[in-house]
Protein chains: 2
Amino acid sequence: MPSFLEQASDAIRQSGGRMTGQRQIIVNLLESATGQLDVDDLHRLARKQDQHISLATVYRTLNVLEDAGLIQPRYQSPEHEHKYYERVGSGQVYHFTCRVCRKIIPFHSELIQELKHHLSKQLDLEVLNACVCLDGLCPECQKQQAQTDR
Amino acid sequence: MPSFLEQASDAIRQSGGRMTGQRQIIVNLLESATGQLDVDDLHRLARKQDQHISLATVYRTLNVLEDAGLIQPRYQSPEHEHKYYERVGSGQVYHFTCRVCRKIIPFHSELIQELKHHLSKQLDLEVLNACVCLDGLCPECQKQQAQTDR
DNA sequence: CTGTTATTGCAAATCATTTGCAATAAGCTT
DNA sequence: AAGCTTATTGCAAATGATTTGCAATAACAG
């Protein structure tokens, strides 16, 4: 399978764009990202490889990749304070955020597929995307909460 | 049961605040809202009752109500371009947005409850809130799309 | 009715994101 | 490898949404 960098290069060239050094840096950061990177994270990390890369370029690159369908913005909390970017198609993974410690716990469930099918049948909708964000208390913070209540 | 206005008055007084004329207008708009009202909708509608109510006051009132746990911000699309406000606890209704005509179709499903239970059991998470936003094509726009493809 | 102080409207400030422009560099053509 | 075209860059300024400082106003406790 092609690397994410190759995928991105192809997609960008396809639409008459160019793969630049700055874009490579950002694409590679997105590929190797284990966690969630927001715009400022990406800018900060990219600067370590290219002192002079500008925030505007990070924004523009993210928009190019999003238009190409390679990445998607996601939001952490249900109030969606914080937007970060991740590769699409990296498996349908959804996220649970702990209200207290802000930890993000990924999960996936066939129930979401099922929900899509239900809606297709019942309401005749063609569901192209599902955004499911849960929040609440992680196991650790539940324990801590129980202590405080005493 | 107390009206939403009474609920709001009590909650605001509880924290040493005051129920003003402007706040009453906004609270009533939120109570009677059938659809989704965003900040500008609320400002526009509120002006019909009070010519001089300012946008800043609408923002401040929404923040007060949100802090009191009476309303919650919601987002229409998975990209969450548009934020609107609705009362909490007004039944768990989720929304599907058509990518083409932007129409919003509300739905609800037991599958989401089921998902919460699954996660409680499997990952020991206490799920306090679920944000589920779907998007895709509504029946009408599916037909239109089919025509264009020919 | 009076006094205290939370709230208001306004304008200016802030924050995230986008954009205009001149300089640079990607990558096709030779 | 060199030249040419034009997409991309960095910067600074613009934009759009939301917040805030301040003096004037109005809630509501006494």
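In what follows, chains carry the letters A, B, and so on, assigned in the order in which the sequence lines appear, proteins first and then strands, with residues in each chain numbered from 1.
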Rounded to 10°, tell me the angle between the two end axes of the helix from C/dC1-D/dG30 to C/dT30-D/dA1, each built from five pairs. 40°
Rounded to whole angstrom units, what separation is found between the NE2 atom of A/His52 and the P atom of C/dA23? 18 Å
Does a nitrogen or oxygen in the side chain of A/Thr20 sit under 4.0 Å from OP1 or OP2 of D/dA7? no
When the distance from CG of A/Leu42 to P of C/dT17 is rounded to whole Å, what number comes out? 12 Å
Grab the CG-P distance between B/Leu62 and D/dA17 for me, whole Å please. 15 Å
What nucleotide, of C/dT17, D/dT18, C/dT7, holds the atom closest to the side chain of B/Arg23? C/dT7
Euclidean distance, atom CG of residue A/Asp10 to atom P of C/dA26 [Å, nearest integer]: 18 Å
Separation of atom CG in A/Asn63 from atom P in C/dA16, rounded to whole Å: 16 Å
The answer to which of B/Arg13 and B/Ala56 contacts DNA chain D further toward the 5' end, by nearest nucleotide, is B/Ala56
In this structure, how many angstroms lie between the C1' atom of C/dG27 and the CD1 atom of A/Ile12, rounded? 14 Å
Please confirm whether the backbone N or O of A/Arg18 pairs with a side-chain atom of A/Arg23, one donor and one acceptor, at under 3.5 Å? yes
Output yes when a side-chain donor or acceptor of B/His43 lies under 3.5 Å from a complementary backbone atom of B/Ala56, and no otherwise. no
Taken to the nearest whole Å, CD/A/Gln22 to P/C/dT24 is 14 Å
B/Arg18 vs D/dA29: side-chain N/O to OP1/OP2 distance below 4.0 Å: no
Is the shortest side-chain N/O distance from A/Thr57 to OP1 or OP2 of D/dT8 below 4.0 Å? no
With distance as the sole test, does B/Asp10 use its side chain to make a donor-acceptor pair with the main-chain N or O of B/Gln7 at under 3.5 Å? no
Reading DNA chain C from 5' onward, which residue's closest nucleotide shows up sooner: B/Gly17 or B/Arg47? B/Gly17
Measuring from atom CD1 of B/Ile25 to atom OG1 of B/Thr61, what distance do you get when rounded to the nearest 0.5 angstrom? 10.0 Å
If the test is side chain to side chain contact (heavy atoms under 4.5 Å, CB included), which one of A/Val39, A/Leu29, A/Asn63 qualifies with A/Val58? A/Val39
Tell me the interatomic distance from B/Gln24, atom CD, to C/dA6, atom C1', rounded to whole angstroms. 16 Å
Touch class at under 4.0 angstrom, heavy-atom based, for B/Arg60 against every strand present: base
Measure from the side-chain N and O atoms of A/Thr57 to the backbone N and O of A/Ile53, and report whether any donor-acceptor pair falls under 3.5 Å. no
Are B/Leu125 and B/Ser120 packed together at the side-chain level, in the sense that at least one heavy-atom pair is separated by less than 4.5 angstrom? no
